[in-house]
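Report on the structure given below.
Convention: sequence-line order gives letters A, B, ...; per-chain numbering from 1.
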2 protein chains.
Amino acid sequence: MAVAVQRIENSDLPTRCRDCSSRRDGFCAGLAPAELLRLHPYVVRKRLPAGEEVLSQGVLNTSYVHVLDGTVKLTAALPDGTEQIVGLRFPGDFLGQRFAPDVGFTAETATDVEYCRVSKAALDALADSNTTVAHQMHQWVATELQESREMMLTLTQRDARQRVAGLLYRIGHRQTPCATRTRIELPLSRGEMASYLGLTIETISRQLSALKRDGLIAIEHKTQVTIFDMGKLATAAAMTV
Amino acid sequence: MAVAVQRIENSDLPTRCRDCSSRRDGFCAGLAPAELLRLHPYVVRKRLPAGEEVLSQGVLNTSYVHVLDGTVKLTAALPDGTEQIVGLRFPGDFLGQRFAPDVGFTAETATDVEYCRVSKAALDALADSNTTVAHQMHQWVATELQESREMMLTLTQRDARQRVAGLLYRIGHRQTPCATRTRIELPLSRGEMASYLGLTIETISRQLSALKRDGLIAIEHKTQVTIFDMGKLATAAAMTV
DNA sequence: CGAAGAATTGATTTACATCAATTGCTGTGG
DNA sequence: CCACAGCAATTGATGTAAATCAATTCTTCG
């Protein structure tokens, strides 16, 4: 508990942490330099291209993943062999369950992704000795639950147009939090968007065309989406209140 | 940490805990007798009729609720004034979020309900000093997340018949875990089932009639449902992996 | 260039919603 | 005890959003 830390220089941090955004305002901001150093041997920083598995459903749950750059999709393998997207993870997000014996959902890079993989045993040990860390991990699950319940409401209440607009809004919000007008790079194919929103590829395509026709967005090269007005998009998504 | 407890008699427990099922195999099984005694002044045991609010969305989050008997529905108030059911809680389940400043969802009794209301401050304090309790609470959120993600899959993948069959199956499973043939008391009206499953009252009614016609269930007095074969119902619900 | 895959667009079908009527309970008052 | 609100549930008729089926068009890449 009593980690006497004061005036520790940046240079006392592990090299890779020095310029990391997570150190400034993400998960690692909650860690003392000494703790980062203690964790250091159990962390690997990686970069993967799109379409690679980061964590695989069903295997022994031995690591956490902290997303630094790019988009990761969480997928559930369905009995019929297809996969269903159940969540998206962006920079700053955290993957892994503390109290699950094995991995519940496959995590797969949707774009090029940079991340830190942390040994579960090491971070769990740290959480055992540092309640702040334990709380942070607990709180993260609560955040995921909240998100998942919002998705439930989306699926029961919103029509196709609202779902697509809402997804674009959320991606825009994560990629450029403060802009009213923004250009985003879609991390998902039409099929992936369809899977996530419980719709079909054709419906996604039609709704994107409709949003384009209505002057809310522009699309270039399939994946470059310009959002002209985040507020109007939020209205189209019925995200108000 | 070092709570020296040995050979504590049942009579050392708070009176209300002595015959409580939660003490045997629920949340309170994880607590030492001394801890139960410590919590005792901050707990009230209550019994409410159907249709009462147990926790109210938006108010300051000051208590946890531990369901002992009956069914509680979690509802989200929608902007248009209607309410959407986002979850059901049965005996043994837990309500309340450790790290949320206010209550996220209204919890309302769907049937007569017996429960213990615990001061949040007191249980949080206990969790701070007893990691087992903290873990249990963390784990509970993880369980809720799991359930919520399964609901997402239901809403994206399953049709009306599968949803209704699945709900009956789950209620049957909670009320009588080991039976193949069972009779359940529906804790929800048709409208509530519709809200939970993202369907309409009429569709629920038609699907119940269809399941009856197909010989999977029988219904008396609207709410008494006999399930002839849980296995067949699970098949109808496509719950099989 | 041509093949293969992804996305768009159009035509048709369908599951569920919506609208509408009827039935069946439950409680209240004459 | 019956009459009749008042409400939930059922059942039927019709409408509609999205799925499905079916061509194109656009992209990428060997």
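- The distance from atom CD1 of A/Ile219 to atom C1' of C/dA6 is 14 Å, rounded to the nearest whole Å.
- When only modelled atom types and interatomic distance are considered, A/Gln84 and B/Thr156 share a side-chain donor-acceptor pair under 3.5 Å.
- A donor-acceptor contact shorter than 3.5 Å links the side chain of A/Thr176 to the backbone of A/Gly172.
- Rounded to an integer number of Å, the gap from A/Leu197 CG to D/dA19 C1' is 15 Å.
- Rounded to whole angstrom, the span from the CG atom of B/Leu188 across to the C1' atom of D/dA8 amounts to 14 Å.
- Judged purely by atom type and a 3.5 angstrom limit, B/Arg23 uses its side chain to pair as donor or acceptor with the backbone of B/Cys28.
- Looking at the side chain of B/Leu199, the nearest of the listed nucleotides C/dA7, D/dA9, C/dA17 is C/dA17.
- Proximity of residues 153-167 of chain B to DNA chain D (heavy atom under 4.0 angstrom from any strand atom) is not detected for any residue.
- A/Asp214 places no side-chain N or O within donor-acceptor distance of the main-chain N or O of A/Leu216, the cut-off being under 3.5 Å.
- The shortest heavy-atom contact between B/Ala107 and B/Val72 is CB-CG1, 3.8 Å.
- For B/Arg190 and C/dA17, the CZ to P distance is 16 Å, given to the nearest whole Å.
- Of the inter-residue distances, the one linking B/Arg183 atom CZ with B/Ile217 atom CD1 reads 12.0 Å to the nearest 0.5 angstrom.
- Rounded to a whole Å, the CD atom of A/Glu220 is 12 Å from the P atom of D/dT27.
- In this structure, CG of A/Leu186 is placed 16 Å from P of C/dA6, rounded to the nearest angstrom.
- Between B/Phe94 and B/Trp140, the ring planes are perpendicular. Angles over 60° get that label, and only those under 30° would be called parallel.
- When rounded to the nearest whole Å, the span between CE of B/Met193 and P of C/dA17 equals 13 Å.
- Looking at B/Thr111, its side chain does come within 3.5 Å of a backbone N or O of B/Thr71 through a donor-acceptor pair.
- In the model, B/Arg117 has a side-chain atom that pairs as donor or acceptor with a side-chain atom of B/Ser63 under 3.5 Å.
- For the segment residues 201-210 of chain A, the set of residues with a heavy atom within less than 4.0 Å of an atom of DNA chain C comprises A/Ile201, A/Glu202, A/Ser205, A/Arg206, A/Ser209, in numerical order.
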